[in-house]
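Inspection log for the structure reproduced underneath, given as structure tokens.
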Amino acid sequence: MSNCFHTVDLVTYVTRFHWDMAKYPIKQSLKNISEIMSKVTQIDNDLKARASAYNSLKGNLQSLERKNVGSILTRSLADIVKKEDFVLDSEYLITLLVVVPKTSYPDWQKTYETLSEMVVPRSTKLLFEDQDSGLFSVTLFRKAIDDFKHKARENKFMVRDFQYNEEEMKADKEEMTRLSTDKKKQFGPLVRWLKVNFSEAFITWIHIKALRVFTESVLRYGLPVNFQAMLLQPNRKNVKKLREVLQDLYKHLDSSATVIDASMDIPGLNLSQQEYYPYVYYKIDCNLLEFK
């Protein structure tokens with residue numbers, strides 16, 4: 001049954017469950033079978049490693065992507081500005097980028113040439129706009145930078161700390177392209193690995209449930225082995241009624257047993273956070289893929 005698990009849903013697998021003799025030979029001891037089952041922990045270790053690598057890649061890409069969105073006060077300008085927007089390789093002149101609120105455009109045009117000395121007349125140009133502001137270039141003498149920044153800030157014009165570096169911007173774009181490509185390359189194999197190993201883990205889990213039913217029954221009721229395992233799937237509204245019926249049917253199996261709430265902490269009784277009934281009971285949750 002486990003070999004064709006990938007073709008059935010979880011509930012179908014559980015309701016048609018047959019012990020996998022090839023994977024877990026029942027002629028071996030319980031200890032050996034248990035050790036074979038415990039190897040499923042390697043899937044968990046592999047999952048952590050693969051998820052960590054993928055999430056690290058995804059996080060680095062998102063970090064770069066965030067730099068390309070948002071307000072022009074903070075976002076990357078690599079995709080906005082062009083080489084021709086700047087005076088480059090000049091000993092005396094420099095081009096600054098200034099963020100101006102849209103409501104202040106007239107004020108900027110009227111005042112930018114006189115915010116400090118040595119501003120090149122008619123050198124401003126609107127390069128980009130977002131919802132609230134515009135990005136303007138302005139060229140001035142290098143010795144006037146500090147004074148210009150101070151006066152601009154007083155007028156609520158924010159000078160961006162930016163230097164045009166073609167190599168750095170190219171490297172950032174290439175890094176984003178590489179991360180995006182690597183993410184796409186990893187996604188498909190990761191999903192395929194998850195499908196295969198989820199199946200393996202679920203199959204092992206159900207075999208562990210079957211093994212626990214067997215061992216708990218022997219521990220409770222002794223030898224020779226004489227028990228019947230059943231799957232019950234009641235409607236939610238009928239759970240309480242089912243419990244009452246089962247209690248009446250099987251209370252003779254453990255006369256000292258009363259239903260114990262899992263939230264109760266009873267010294268010396270390790271219930272592993274599970275209710276205790278006169279019959280052996282284990283819950284199987286097949287809604288593992290539902291996000292809660």
Exercise for the section: Please answer whether the main-chain N or O of Lys102 pairs with a side-chain N or O of Ser133 as donor and acceptor at a distance below 3.5 Å. Expected result: no
Exercise for the section: Would you give the length of the straight line joining atom CG of Leu140 to atom CG of Leu115, rounded to the nearest 0.5 angstrom? Expected result: 10.0 Å
Exercise for the section: Count the heavy atoms belonging to other residues, nucleotides or ligands that lie under 6.0 Å from CD of Gln42, then report whether that count exceeds 12. Expected result: yes
Handout entry: Neighbour count above 12 (heavy atom, 6.0 Å) for Gln163 CD
Key = no
Exercise for the section: Mark yes or no for whether Asn235, through its side chain, and Asn238, through its backbone, hold a donor-acceptor pair below 3.5 Å. Expected result: no
Practice task
I would like to know whether Leu127 and Leu97 meet side chain to side chain contact (heavy atoms under 4.5 Å, CB included); could you show each step before the answer?
Solution key: CA-CA 9 Å; Leu127 306 180; Leu97 299 178; 3.7 Å; yes
Practice task
Evaluate the criterion side chain to side chain contact (heavy atoms under 4.5 Å, CB included) for residue pair Val280 and Tyr221; output intermediate values, then yes/no.
Solution key: CA-CA 10 Å; Val280 177; Tyr221 312 124; 4.1 Å; yes
Problem - Reported CD1-to-CG distance for the pair Ile72 and Asp132, which is rounded to 0.5 angstrom - result: 8.5 Å
Handout entry: Rounded distance (nearest 0.5 Å) linking atom NZ of Lys149 with atom OG of Ser116
Key = 12.0 Å
Handout entry: Nearest-0.5 Å distance that lies between atom CG in Leu190 and atom CG in Leu47
Key = 8.0 Å
Exercise for the section: Say whether Asp107 and Ser104, considering side chains only, have a donor N or O and an acceptor N or O under 3.5 Å apart. Expected result: no
Handout entry: Under 3.5 Å donor-acceptor, Ser38 side chain and Glu35 backbone
Key = yes
Exercise for the section: Flag the pair Met21 / Ile26 as yes when at least one side-chain heavy-atom distance between them is below 4.5 Å, and no otherwise. Expected result: yes
Anything under 3.5 Å between a donor and an acceptor, one on a side chain of residues 85-96, the other on a protein residue two or more places apart or in another chain? List them.
from, atom 1, to, atom 2, distance (Å)
Asp85, OD2, Lys82, N, 2.8
Ser90, OG, Tyr92, N, 3.3
Ser90, OG, Leu93, N, 2.9
Thr95, OG1, Val87, N, 2.9
Thr95, OG1, Thr139, OG1, 3.1

Practice task
Could you grab the distance from atom NZ of Lys58 to atom CD of Gln186, nearest 0.5 Å is fine?
Solution key: 12.5 Å
Handout entry: Donor-acceptor contact present, side-chain Ser63 to main-chain Gly59, <3.5 Å
Key = no
Practice task
Decide if the gap between the ring center of Tyr250 and the ring center of Tyr277 is smaller than 6.0 angstrom.
Solution key: no
Practice task
Give a yes or no on whether the backbone of Asn68 and the side-chain of Arg75 come within a donor-acceptor separation of less than 3.5 Å.
Solution key: yes
Practice task
Please list, chain by chain and in numerical order, all residues satisfying side chain to side chain contact (heavy atoms under 4.5 Å, CB included) with Ile208, sequence neighbours excluded.
Solution key: Met37, Thr204, Arg212
Exercise for the section: Examine Trp108 together with Tyr105 and report whether their ring centres are nearer than 6.0 Å. Expected result: no
Problem - Atom CD of Glu117: over 12 foreign heavy atoms under 6.0 Å - result: no
Exercise for the section: State plainly whether the residues Arg178 and Glu175 are in salt-bridge range, i.e. N to O under 4.0 Å. Expected result: yes
Exercise for the section: State plainly whether the residues Glu200 and Lys23 are in salt-bridge range, i.e. N to O under 4.0 Å. Expected result: yes
Completion exercise
Taking every heavy atom of Ala201 against every heavy atom of Val40, the minimum-distance pair comes out as CA-CG2, 3.8 Å
Problem - Within-4.5 Å side-chain heavy-atom neighbours: Arg160 and Val98 - result: no
Handout entry: 4.5 Å side-chain heavy-atom contact, Glu216 and Phe227
Key = no
Problem - Neighbour count above 12 (heavy atom, 6.0 Å) for Glu154 CD - result: yes
Problem - Leu179 vs Leu57 side-chain heavy atoms within contact, under 4.5 Å - result: yes
Practice task
Give a yes or no on this: more than 12 heavy atoms of other residues, nucleotides or ligands lie within 6.0 Å of atom CG of Asn55.
Solution key: yes
Practice task
Search all heavy atoms of Val159 against all heavy atoms of Ala152 and return the closest pair with its distance.
Solution key: CG2-CB, 4.1 Å
Exercise for the section: Please check if the side chain of Ser56 supplies one atom and the backbone of Ala53 the other of a donor-acceptor pair under 3.5 Å. Expected result: no
Handout entry: Shared hydrophobic cluster for Leu30 and Leu219 (ILVMFWY, side-chain gaps under 4.5 Å)
Key = no
Exercise for the section: Return yes if some donor-acceptor pair links the side-chain N/O of Ser217 with the main-chain N/O of Val213 below 3.5 Å, else return no. Expected result: yes
Exercise for the section: Any chance you could lay out the side chain to side chain contact (heavy atoms under 4.5 Å, CB included) test for Asp79 and Lys173, step after step, and finish with the verdict? Expected result: CA-CA 9 Å; Asp79 291 331; Lys173 287 180 181 178; 3.0 Å; yes
Exercise for the section: Assess whether side chain to side chain contact (heavy atoms under 4.5 Å, CB included) is satisfied between Leu223 and Val218, documenting all intermediate values. Expected result: CA-CA 6 Å; Leu223 296 171; Val218 171; 3.9 Å; yes
Problem - Closest heavy-atom pair and its distance - Tyr112, Val120 - result: CE1-O, 4.2 Å
Problem - Co-membership, hydrophobic cluster, residues Leu211 and Val14, 4.5 Å side-chain - result: yes
Handout entry: Basic-acidic side-chain contact under 4.0 Å: Lys151, Asp147
Key = yes
Handout entry: Residue among Phe17, Tyr13, Phe214 satisfying ring-ring contact (aromatic ring centres under 6.0 Å, His included) with His207
Key = Phe17
Practice task
State, yes or no, whether a side-chain contact exists between Lys48 and Ser52 at a heavy-atom distance under 4.5 Å.
Solution key: no
Practice task
Following the transitive rule for hydrophobic clusters with a side-chain heavy-atom cut-off under 4.5 Å over Ile, Leu, Val, Met, Phe, Trp and Tyr, establish whether Tyr276 and Val239 coincide in one cluster.
Solution key: no
Exercise for the section: Calculate, to the nearest 0.5 Å, the distance between atoms CD1 and CG belonging to Ile206 and Asp20 respectively. Expected result: 13.5 Å
Problem - Flag side-chain contact, heavy atom, 4.5 Å: Tyr281 against Leu246 - result: no
Handout entry: Shared hydrophobic cluster for Val138 and Phe141 (ILVMFWY, side-chain gaps under 4.5 Å)
Key = no
Handout entry: Thr15 side-chain N/O to Val11 backbone N/O, donor-acceptor pair under 3.5 Å
Key = yes
Practice task
Treat each ILVMFWY residue as a node, draw an edge where side-chain heavy atoms are under 4.5 Å apart, and state whether Met158 and Val81 are in one component.
Solution key: yes
Exercise for the section: Over all heavy atoms of both residues, which pair between Ile33 and Pro25 is shortest? Give the atoms and the distance, please. Expected result: CD1-O, 3.5 Å
Practice task
Find out whether Gln28 and Ile36 are in side-chain contact, i.e. whether some heavy atom of one side chain is under 4.5 Å from a heavy atom of the other.
Solution key: yes
Problem - Within 6.0 angstrom of Asn226 CG, more than 12 heavy atoms from elsewhere - result: no
Fill in the blank from the handout: Those residues at least two apart in sequence (or on a different chain) that pass side chain to side chain contact (heavy atoms under 4.5 Å, CB included) with Asn197 are Ile43, Trp193
Practice task
Compare every heavy atom of Cys286 with every heavy atom of Phe202, then report the nearest pair and how far apart it is.
Solution key: CZ-SG, 4.2 Å
Handout entry: Non-hydrogen side-chain atoms of Leu77 and Phe128 separated by less than 4.5 Å
Key = no
Fill in the blank from the handout: Correct closest heavy-atom pair for Leu242 and Pro234 would be CD2-CG, 3.7 Å
